[in-house]
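One structure below.
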Amino acid sequence: MDTKFDINELATDIVYVKPVLAADLPDDMRDQIGDLETLFAVHNSEGEQLALVANRKLAFHLARENDMNPVTVH
């Protein structure tokens, strides 16, 4: 177990999926989402938001279609 590796290299394809309350979004975005109360944001390892989608299943599908490994953030 003395093998050294760059831990940052492991996280290059991980994206984080987290729920976002519609009430927390700006007014112009809330106008576009209809009656959804919760959306799901996809973030890269640096915290940059890559996407905002209607449901968790779509967020995971989107990530996998782009060769990323999604994980849930609580």
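Position 1 is the first residue of the sequence, and the numbers go up from there.
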Hey, could you give me each pair passing side-chain hydrogen bond (donor to acceptor under 3.5 Å, both in side chains) that has a residue in residues 58-71? Not counting sequence neighbours. D13-N69
Do any pairs count as a salt bridge (charged side-chain N to carboxylate O under 4.0 Å, His left out) and have a residue in residues 17-45, sequence neighbours left out, and if so which ones? D27-R30
Would you indicate whether the side-chain heavy atoms of I14 and S45 approach each other to under 4.5 Å? no
Are side-chain heavy atoms of V73 and V17 found at a separation under 4.5 Å? no
Say you draw a straight line from CG of L36 to CG of L21; how long is it, rounded to the nearest 0.5 Å? 12.0 Å
Consider only side-chain heavy atoms of I, L, V, M, F, W and Y, link residues closer than 4.5 Å, and tell whether L62 and F40 are in one cluster. yes
Under 3.5 Å, which donor-acceptor pairs do the side chains of residues 48-60 form with other protein atoms, sequence neighbours left out?
unit_1	atom_1	unit_2	atom_2	d
E48	OE1	N44	ND2	3.1
N55	OD1	K57	N	3.3
N55	OD1	L58	N	2.7
R56	NH2	T72	OG1	3.1

